[in-house]
Engineer: 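Got a structure for you, questions after.
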Amino acid sequence: MSQDLTSKKGELYLPEAGDYAIGIDATPFLNYFGNFIGGDGLNTAPTFGANGDELMTNGFAIYGKQFIDANTAYRGKLRLGFGSATDRFLVGEVNSDGATGDLVEEDTKDSYTAIQLGAGYEMRRGNTRLQGVYGAEASIGFGGTKTTNTYGNDIEDAGGSRVTEEKSGSTIMFGVNAFAGVEYFIAPKMSIAGEYTWGLALSSTGNGETTTESLDSDSNGTTDTAETAGGSTFGVDTGLNGASLRFMFH
């Protein structure tokens, strides 16, 4: 089947000069169908992860290509992530005499920003529907997280000190890598591709802040902001940007 480069309707399987392609992460769909076939009663519809704990690694990105000719293409990826999640809790209202009264609401809000841009150059080999792909690409990213706490009790009734906000330092990421993999055209201009990378990745996170409200010796409310340390990472290794499996539509 892989030797036949046209469909029964005469449609070409492989991309041509001037074609554009867009890609999405295939892993959520493969997990879904795998669980469906396996009879997993907890199977859920495919979703794409993107949250503050995975700012530069596992968040969903959009992939795109522009073919210069049948064997070479410019490629890029884009992620624009902004979001928040709020957890609400009901706690007992503490009265002035220390007794617990009615329930009051407290909120914890986590928000994040994740922006990533990438560009590269792709080459391919093969005369069948199974194509080998290789090339190089570079990417840059920016991100940060913040947690805000809103309390239902007055500070006098809550122990006299509590954290109201925690803000991470801004993270800047840069990476450059070579990639290699395969792409199989399962239908005309529709493929599933798998790649692995080798290259350099570095990131730097600035200092963050923790804001605390408390009572002084005269029982007056005060707000203090303390700086928290950031950090940096550096590595040259295989898979620094992860292996990827994606659907491509040309």
Side-chain angles (χ1 to χ4, degrees), residues 47-61 77-118 138-177 199-237 239-242:
T47 59
F48 300 99
N51 56 57
D53 295 329
E54 303 170 334
L55 280 178
M56 296 302 171
T57 54
N58 298 325
F60 171 57
K77 62 182 177 180
L78 171 66
R79 179 183 177 194
L80 296 175
F82 308 93
S84 65
T86 301
D87 291 324
R88 294 184 172 87
F89 309 92
L90 294 177
V91 299
E93 182 181 17
V94 180
N95 299 318
S96 57
D97 58 3
T100 301
D102 297 333
L103 295 178
V104 294
E105 184 178 284
E106 296 188 345
D107 298 340
T108 297
K109 180 180 179 181
D110 295 304
S111 58
Y112 76 92
T113 300
I115 300 172
Q116 190 171 13
L117 300 171
S139 61
I140 187 170
F142 168 85
T145 62
K146 182 173 72 172
T147 299
T148 303
N149 299 310
T150 303
Y151 299 95
N153 285 296
D154 294 333
I155 189 171
E156 293 87 349
D157 302 321
S161 179
R162 58 195 180 187
V163 174
T164 57
E165 184 178 272
E166 294 177 286
K167 184 186 299 183
S168 72
S170 297
T171 297
I172 298 176
M173 181 275 293
F174 174 76
V176 59
N177 58 269
L200 174 150
L202 57 90
S203 68
S204 176
T205 301
N207 291 345
E209 294 179 347
T210 297
T211 302
T212 303
E213 62 177 4
S214 57
L215 296 176
D216 60 19
S217 57
D218 296 324
S219 297
N220 296 317
T222 62
T223 300
D224 298 309
T225 300
E227 193 173 38
T228 57
S232 61
T233 63
F234 172 82
V236 179
D237 203 347
L240 283 171
N241 293 321

Engineer: Can you sort out the partners of Leu202 under side chain to side chain contact (heavy atoms under 4.5 Å, CB included), two or more places apart, ordered by chain and number?
Structural biologist: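 Listed in chain order: Phe174, Leu200, Phe234.
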Engineer: Glu165: which residues meet the side chain to side chain contact (heavy atoms under 4.5 Å, CB included) condition with it, sequence neighbours left out?
Structural biologist: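 Result, side chain to side chain contact (heavy atoms under 4.5 Å, CB included) vs Glu165: Lys146, Thr148, Lys167, Thr211.
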Engineer: Among all residues two or more places apart in sequence or in another chain, which pass the side chain to side chain contact (heavy atoms under 4.5 Å, CB included) test with Ser214?
Structural biologist: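 Partners of Ser214 by the side chain to side chain contact (heavy atoms under 4.5 Å, CB included) criterion, ordered by chain and then number, come out as Ser161, Thr222, Asp224.
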Engineer: On a heavy-atom basis, which atom in Lys77 and which in Ser139 lie closest, and how many Å separate them?
Structural biologist: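 In this case the closest contact between Lys77 and Ser139 is CE-CB, 4.1 Å.
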Engineer: Any donor and acceptor pair, going by atom type alone, linking the side chain of Ser168 with main-chain N or O of Thr145 inside 3.5 Å?
Structural biologist: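 A pair under 3.5 Å: yes.
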Engineer: Once salt bridge (Lys or Arg N to Asp or Glu O under 4.0 Å) is applied, do any residues pair with Glu166, and if so which ones, sequence neighbours excluded?
Structural biologist: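 For Glu166, no residue satisfies salt bridge (Lys or Arg N to Asp or Glu O under 4.0 Å) once neighbours in sequence are set aside.
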Engineer: Give, for atom CZ of Arg88 and atom CD of Glu106, the distance between the pair rounded to the nearest 0.5 Å.
Structural biologist: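 It comes to 13.0 Å.
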Engineer: Hey, could you give me the OG1/CZ distance between Thr212 and Arg162, rounded to the nearest 0.5 Å?
Structural biologist: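 Result: 11.0 Å between the selected atoms.
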Engineer: Side chain to side chain donor-acceptor pair (under 3.5 Å) with Glu105: which residues, sequence neighbours excluded?
Structural biologist: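 Once residues adjacent in sequence are excluded, Glu105 has no partner under the side chain to side chain donor-acceptor pair (under 3.5 Å) criterion.
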Engineer: Any chance you could measure Thr205, atom OG1, to Asn207, atom CG, to the nearest 0.5 Å?
Structural biologist: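 Between Thr205 OG1 and Asn207 CG, I get 10.0 Å after rounding to 0.5 Å.
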Engineer: Roughly how far, to the nearest 0.5 Å, is CG of Asp110 from OG1 of Thr86?
Structural biologist: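 It comes to 8.0 Å.
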Engineer: Between CG of Asp87 and NZ of Lys109, what distance do you get to the nearest 0.5 Å?
Structural biologist: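 Rounded to the nearest 0.5 Å, the CG-NZ separation comes to 12.5 Å.
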Engineer: Applying side chain to side chain donor-acceptor pair (under 3.5 Å), can you list everything that pairs with Thr108, at least two apart in sequence or on another chain?
Structural biologist: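 For Thr108, the residues satisfying side chain to side chain donor-acceptor pair (under 3.5 Å) (neighbours in sequence not counted) are Asn149.
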Engineer: Run the side chain to side chain donor-acceptor pair (under 3.5 Å) test against Thr233 and tell me which residues pass, sequence neighbours left out.
Structural biologist: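 Scan of Thr233 (side chain to side chain donor-acceptor pair (under 3.5 Å), adjacent residues dropped) gives Ser203.
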Engineer: Taking side chain to side chain donor-acceptor pair (under 3.5 Å) as the definition, give me every residue that meets it alongside Asp107, ordered by chain and number, with sequence neighbours left out.
Structural biologist: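 For Asp107, no residue satisfies side chain to side chain donor-acceptor pair (under 3.5 Å) once neighbours in sequence are set aside.
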